[in-house]
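Heads up: the structure comes next, in structure tokens.
Treat the numbers as computed from the prediction; the structure is a model and nothing was measured.
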Amino acid sequence: MNSLPVLNPQIMKSVEQLDYVVTVGDVASQAGLELNIVQQGLLTLASEAGGHLQVAESGDIVFQFPRNFRSALQNKYWRLRLQALAQKIWGFLFYLIRISFGIILILSIILMFVAIAAILIALNSKDGDNDSRGNNGPSFFFFPTDIFWIFDPGVSQGQAGQRAKGKTEDQDLNFLEAVFSFLFGDGNPNQDLEERRWRDIGTLIRNAGGVITAEQAAPYLDNVTIYNQENEDYILPVLARFNGFPQVTEQGGLVYTFPELQVSAKQRKLSSLGAYLKEKPWRFSKASSGQILGAVALGSVNIVLALVLGGLFRSYGAEVAEIGFVGFVQSIYYILLAYGVGFLAIPLGRYFSLQWLNQRLEGRNLERQGRVEPLLQPGPDLRHKLDYAKALVQTKVIDGDDIAYSTEQDLLEQEVERSAQIDHDWQKRLESGT
């Protein structure tokens with residue numbers, strides 16, 4: 001049985017985005033991964049997926065992959081197929097978990113509504129049998145269906161318009177999905193922040209031709225302080241990840257060169273890049289305003305029913321406990337009450353915490369944005385460094401004429417073809433007299 005190789009999904013995704021012909025620098029700048037990790041990952045992927053290595057005269061290596069390498073891997077390793085199946089199963093299970101909170105809310109309302117109705121019917125029946133004893137019924141009369149006015153077709157046009165608008169202004173969530181979004185939000189919008197950070201820095205270096213200044217990288221970093229700006233220590237993680245090294249300018253400044261990111265397998269267009277790394281603000285919910293209003297209304301209904309039911313249990317607990325269904329509801333009453341309270345308390349607490357998180361997030365964004373300003377109007381020292389960096393740019397695109405050897409063909413065949421090509425070139429030069 002073949003053992004499952006360690007394949008990096010970011011590397012595979014980058015290979016596909018780069019049209020299946022790549023260098024280590026191509027993938028490192030695209031994925032934002034360390035060069036050593038990319039090199040090992042490409043070698044593993046080429047070995048397992050039937051890829052080929054092409055070696056240029058300069059010693060640079062180009063990796064070429066078949067376009068169906070994912071299918072080839074899945075056919076080769078049954079564990080990969082099981083992983084793909086497990087991801088689909090988990091996606092379905094997680095969907096069930098998401099909609100379960102809305103289902104539980106609706107079931108809770110139905111249970112309490114039916115229990116209240118059963119208690120009131122039982123008490124009224126008992127009072128009817130004992131009219132001579134006077135009115136010993138509850139001190140209030142409550143008709144449970146009154147609380148469902150929000151579902152009345154005659155609701156005001158303003159509310160109806162808001163609900164209709166909510167359906168079109170946001171995500172296509174059904175109501176049960178919207179309940180989960182209302183309760184717990186939609187996940188961390190910056191979960192991939194580090195991946196985006198290094199991908200942006202890799203793109204920055206690639207767009208700049210493999211040579212940058214520390215000031216150019218600063219808007220994408222968070223370890224920039226007034227204490228390390230002068231000696232530029234904050235760029236050390238960038239050098240370590242992409243195998244860069246410093247070079248001193250004529251005026252004693254520093255620029256940083258990344259040789260591996262200057263080599264590409266194809267002529268590629270400059271990638272789009274934001275001026276700085278911008279964190280996305282936390283959002284309360286992707287549910288529409290109408291869906292959120294509906295969730296709040298149902299949560300309120302749930303609490304009202306729980307309070308009414310609790311009052312009945314306190315007043316007539318011993319009498320109504322004899323009713324089988326009501327006895328069951330009475331046994332889980334505090335669970336129903338806690339769920340109703342939590343249904344509104346959790347989103348309320350989350351709302352205030354998101355305000356605090358977004359304030360801090362905005363502060364970090366403003367700090368990074370502020371580091372862009374020196375680049376827009378560079379002073380003499382920075383202008384000299386930027387010009388010096390441009391003078392060091394030496395990009396290299398490896399094409400077919402640069403390839404010395406390829407694993408696609410037998411080595412002897414390549415030697416024969418190479419000798420024939422050399423003879424052909426010499427013959428043409430002799431005929432032309434050069």
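Residue L336 comes nearest to M112 through the heavy atom pair CD1-CG, 3.8 Å, listed as atom of the first residue, atom of the second, then distance. Across all non-hydrogen atoms, the minimal contact from P246 to L254 is CB-CD2, 4.3 Å. Residue V38 comes nearest to A28 through the heavy atom pair CG2-CA, 3.9 Å, listed as atom of the first residue, atom of the second, then distance. In this structure, I292 and S285 approach most closely via the heavy-atom pair CD1-CB, 4.2 Å. Across every non-hydrogen atom of V22 and L18, the tightest pair is CG1-CB, 3.6 Å. In plain terms, the two heavy atoms of I212 and A217 that are nearest each other are CD1-CB, 4.2 Å.
Of the inter-residue distances, the one linking I303 atom CD1 with L298 atom CG reads 11.5 Å to the nearest 0.5 angstrom. One distance of note links CD1 of I116 with CG of L111; it measures 11.0 Å at 0.5 Å rounding. Distance check, rounded to the nearest 0.5 Å: CZ of R199 to CD of E194 gives 11.5 Å. Distance CH2/W198 to OG1/T203: 13.0 Å, rounded to 0.5 Å. Atom CD of Q39 and atom CG of N243 lie 9.0 Å apart (nearest 0.5 Å). With rounding to the nearest 0.5 Å, the separation of CZ in R368 from CG in L366 is 10.0 Å.
With salt bridges taken as basic N to acidic carboxylate O contacts below 4.0 Å, none links R67 and E16. Salt bridge annotation for E215-K385: present, with a cationic side-chain nitrogen under 4.0 angstrom from a carboxylate oxygen. A salt bridge links R383 with D387: at least one charged nitrogen is closer than 4.0 Å to a carboxylate oxygen. A salt bridge between D222 and R364 is absent, with no side-chain N of the basic residue lying under 4.0 Å from a carboxylate O of the acidic one. Under the 4.0 Å criterion applied to side-chain N and carboxylate O atoms, K396 and D60 are assigned as salt-bridge partners.
L354 places a side-chain heavy atom less than 4.5 Å from the side chain of L357. Side-chain atoms of F69 and M12, non-hydrogen and from C-beta on, do get closer than 4.5 Å to each other. No side-chain heavy atom of V341 sits under 4.5 Å from any side-chain heavy atom of N302. Side-chain contact between V24 and E260 is absent, with no heavy atoms from C-beta onward closer than 4.5 Å. When side chains are defined from C-beta on, L261 counts as touching L35, because their heavy atoms get closer than 4.5 Å. Here the side chains of T44 and Q40 are in contact, with some heavy-atom distance below 4.5 Å. Inter-residue side-chain proximity for L173 and S181 is flagged as met; some heavy-atom pair is nearer than 4.5 Å. Residues L176 and R98 have side chains not in contact (no heavy-atom distance under 4.5 Å, counting atoms from C-beta outward).
Taking the ring centroids of F184 and F101, they lie under the 6.0 Å cut-off. Aromatic pair F343/F182: centroids less than 6.0 angstrom apart. Between Y333 and F313, the distance from one ring center to the other falls under 6.0 angstrom.
Dense packing is recorded around CZ of F245, with more than 12 heavy atoms of other residues, nucleotides or ligands lying under 6.0 Å away. The 12-atom threshold is not exceeded at CD of Q377, counting heavy atoms of other residues, nucleotides or ligands nearer than 6.0 Å. Within a 6.0 Å sphere centred on NZ of K266, heavy atoms belonging to other residues, nucleotides or ligands number more than 12. More than 12 heavy atoms of other residues, nucleotides or ligands sit less than 6.0 Å from atom CD of Q17.
Within the 3.5 Å criterion, the main-chain N or O of Y234 finds a donor-acceptor partner in the side chain of N223. Counting only distance, with no hydrogens or angles, the side chain of E48 and the backbone of L45 share no donor-acceptor pair below 3.5 Å. Between the side chain of S14 and the backbone N or O of Q10 there is at least one donor-acceptor pair closer than 3.5 Å. Remark: the backbone N or O of V296 is paired with a side-chain donor or acceptor of S300 at under 3.5 angstrom. For S331 (side chain) and F328 (main-chain N/O), a donor-acceptor pair under 3.5 Å exists by modelled atom type. A donor-acceptor distance shorter than 3.5 angstrom exists from the side chain of D186 to the backbone of K286, with no hydrogens or angles considered. A donor-acceptor pair is defined here as one N or O able to donate and one able to accept, closer than 3.5 Å; such a pair exists between the side chain of R241 and the backbone of G32. The main-chain N or O of K280 is found under 3.5 Å from a side-chain atom of N190 such that the two form a donor-acceptor pair. Between the S353 side chain and the R350 main chain, a donor and an acceptor come within less than 3.5 Å of each other. Counting only distance, with no hydrogens or angles, the side chain of S47 and the backbone of L43 share no donor-acceptor pair below 3.5 Å.
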### Task
Start with the C-alpha distance between V211 and K390, add both sets of side-chain angles, then the distance that settles side-chain contact (heavy atoms from CB on, under 4.5 Å), and finish with yes or no.
CA-CA 7 Å; V211 188; K390 290 180 180 179; over 6 Å; no
### Task
Please report the C-alpha distance between T395 and Q262 in whole Å, then the side-chain angles of each, then the deciding distance to 0.1 Å, and finally whether the side-chain hydrogen bond (donor to acceptor under 3.5 Å, both in side chains) criterion is met.
CA-CA 5 Å; T395 58; Q262 293 179 317; over 6 Å; no
### Query
Can E362 and N365 be said to form a side-chain contact (heavy atoms from CB on, under 4.5 Å), step by step?
CA-CA 5 Å; E362 186 60 28; N365 281 341; 4.1 Å; yes
#### Entry: Verdict with reasoning, T213 to L382, per side-chain contact (heavy atoms from CB on, under 4.5 Å)
CA-CA 8 Å; T213 65; L382 179 54; 4.2 Å; yes
### Task
Go through the steps for N174 and E177 under the test side-chain contact (heavy atoms from CB on, under 4.5 Å), then give the verdict.
CA-CA 5 Å; N174 62 48; E177 292 174 322; 3.3 Å; yes
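A donor and an acceptor atom, one from each side chain of T23 and D26, are located under 3.5 Å apart. Under the 3.5 Å distance criterion, with hydrogens and angles disregarded, a donor-acceptor pair is assigned to the side chains of Y256 and E232.
Using bins of under 30°, 30° to 60° and over 60° for the plane-to-plane angle, the ring pair W90/F94 lands in the tilted bin.
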